[in-house]
Amino acid sequence: MKKDYLILFKHTVIYGLGKSSTQIAAFLLLPIYTRVLTPSDYGILSLVGFFAAIMGNIFGLGTSTSIFRFYQISDNVQKKNEACYSTLILVSLWTIIVLAFLFPMKNYISVLLFDKAEYGTYVMIGLFTTAFSGLSQIPLSLLRAEEKSSLFVINNLFQMFLRVTLGLTFVVILKRSSLGALEASLITSIIFTTYLLLYRIRKTNFGFNFQILIKILRYGLPLVIHGFGWMIMSASDKYFLNEYSTLDQVGIYSIGYTMGYAIMIIVGAFNNAWPQMMFAYSEKDEAGLFYGKSLTYYITILGLIWVAGTLFSKEIVMLMTAEKFWEAYRVIPFIMLAYIFHGALSITSSGIYAKDKTYNDLILTPIIAIICLVLNFIFIPK
């Protein structure tokens, strides 16, 4: 079992470098962006990101997680090929349909988010970025399932380099403000997704199997509800803050959120490394012991990081941002703690996913999402 903990730690480090490339890029751009963009610009990016993230769960249909599991439990190469192409075809067609439906409504969505129609283009750029990013998660999930960790890391570091380079070009050099930040993200997503799809197509023989697709959807669709509920829990605060305060306040809050969210570099890495060990132990007698000890180690390590982040949050914000954003330090401890608990969920819910009981998300997620909305309604106006 000790060896398995070392393997888990190794994969956590590897996926920390790879999967968290988006968070790392955002963190690297922060000192520059906060000296070029205004709090209102950050407020715009935050609200567009909120809506795009909700739609991202709908675009993906929960397939990235379900196809990862399918690859883990199947030894048939032909069936794996069929699962790959069947999922890519479904998600691509479904995404096109949803985008075609939303495009004529872009100005209405802008009014819903900002009380004005002028940000319709921003919304669509955010949606297209999320659509391409969602599609890229399928080949990335397959790299994880195939345990090609080195290639996984290289690909994601390439994505990070693209995003940082294009972000500096559009925001700092071309001075396109928040629109430029969105444009840079879109171009990054298009290039990265195209590259990943071409790589997967070259490595995989074509096949389509409707029955396999149904199995993947049966496992993945409940996760859409979970993802939708999670986005309400993690991002609805920005919408309420805009309604009861100002776009500047949303921008300042989003800076603190981004810095607190940096804990996801570690938490997200663990969440990506965990499923392989979880499924490997799911049928073993010592599964409960392994899960319990893993949770203990997780809480201990992340708890120490949280204490350090809380003690020095003000100094970190003052070092990383311009003075107009310094009040953001107040929210960092709360954001960090929330995501540490969220990461622990991957361990405490192991039984649900290992035993194909994802339907429990259909019951639990709406309850938690409603509680979150009620608390936002009570606390944010104050």
Is any side-chain heavy atom of [Y] closer than 4.5 Å to one of [X]?
X: T310; Y: W306; value: yes
X: T129; Y: I190; value: no
X: K238; Y: Y257; value: yes
X: V374; Y: F379; value: no
X: N156; Y: M160; value: no
X: L47; Y: Y42; value: no
X: M259; Y: V317; value: yes
X: F210; Y: S86; value: no

Roughly how far apart are [X] [atom1] and [Y] [atom2], rounded to 0.5 Å?
X: L166; Y: I191; atom1: CG; atom2: CD1; value: 6.0 Å
X: I96; Y: F59; atom1: CD1; atom2: CZ; value: 11.0 Å
X: I316; Y: T321; atom1: CD1; atom2: OG1; value: 11.0 Å
X: W326; Y: M318; atom1: CH2; atom2: CE; value: 4.0 Å
X: F240; Y: C372; atom1: CZ; atom2: SG; value: 8.0 Å
X: S313; Y: M336; atom1: OG; atom2: CE; value: 9.0 Å

task: Would you please say whether a donor-acceptor pair under 3.5 Å links the side chains of T204 and N81?
output: no

Any side-chain donor near an acceptor of the partner, N107 and S110, under 3.5 Å: no

Identify the two heavy atoms, one from [X] and one from [Y], that lie closest to each other, and give their separation to 0.1 Å.
X: N376; Y: S236; result: ND2-OG, 2.8 Å
X: F114; Y: G43; result: CE2-O, 4.5 Å
X: F325; Y: T38; result: CZ-C, 3.9 Å
X: I67; Y: I138; result: CD1-CG2, 4.3 Å
X: L90; Y: L61; result: CD2-CD1, 4.0 Å
X: R200; Y: L142; result: NH2-CB, 3.5 Å

message: Set out, in order, the CA-CA distance, both residues' side-chain angles and the distance that settles side chain to side chain contact (heavy atoms under 4.5 Å, CB included) for V171 and L29, then state yes or no.
response: CA-CA 10 Å; V171 176; L29 288 169; over 6 Å; no

task: Test R163 against every option in T188, L28, I187 by the side-chain contact (heavy atoms from CB on, under 4.5 Å) rule and name the one that passes.
output: T188

Hydrophobic clustering (ILVMFWY, side-chain heavy atoms < 4.5 Å, transitive) - are [Y] and [X] grouped together?
X: L198; Y: F206; result: no
X: I97; Y: M105; result: no
X: L196; Y: F161; result: no
X: I154; Y: L143; result: no
X: L93; Y: L217; result: yes

Please check if the number of heavy atoms outside [X] that lie under 6.0 Å from its [atom1] is greater than 12.
X: Q211; atom1: CD; result: no
X: W94; atom1: CH2; result: no
X: K314; atom1: NZ; result: no
X: K106; atom1: NZ; result: yes
X: Y199; atom1: OH; result: yes
X: E323; atom1: CD; result: no

message: If you apply the rule side chain to side chain contact (heavy atoms under 4.5 Å, CB included), what do you find for V267 with Y298, and how did you get there?
response: CA-CA 9 Å; V267 174; Y298 173 90; 3.7 Å; yes

Looking at [X] and [Y], would you say the former's side chain and the latter's main chain have a donor-acceptor pair under 3.5 Å?
X: S133; Y: S189; result: no
X: S254; Y: G251; result: yes
X: T165; Y: L162; result: no
X: T246; Y: N242; result: no

side-chain hydrogen bond (donor to acceptor under 3.5 Å, both in side chains) partner of E82, chosen from N209, T87, N205: N209

- prompt: Relative to each other, are the rings of F377 and Y244 parallel, tilted or perpendicular (30° and 60° limits)?
  reply: perpendicular

task: Determine whether the aromatic ring centres of Y85 and F208 lie less than 6.0 Å apart.
output: no

message: side chain to side chain contact (heavy atoms under 4.5 Å, CB included) for I255 and L30? Distances and angles first, verdict last.
response: CA-CA 8 Å; I255 291 298; L30 199 62; 3.6 Å; yes

task: In sequence, state the C-alpha distance, the side-chain angles, and the governing distance for Y122 and L45, and then conclude on side chain to side chain contact (heavy atoms under 4.5 Å, CB included).
output: CA-CA 9 Å; Y122 293 63; L45 294 175; over 6 Å; no

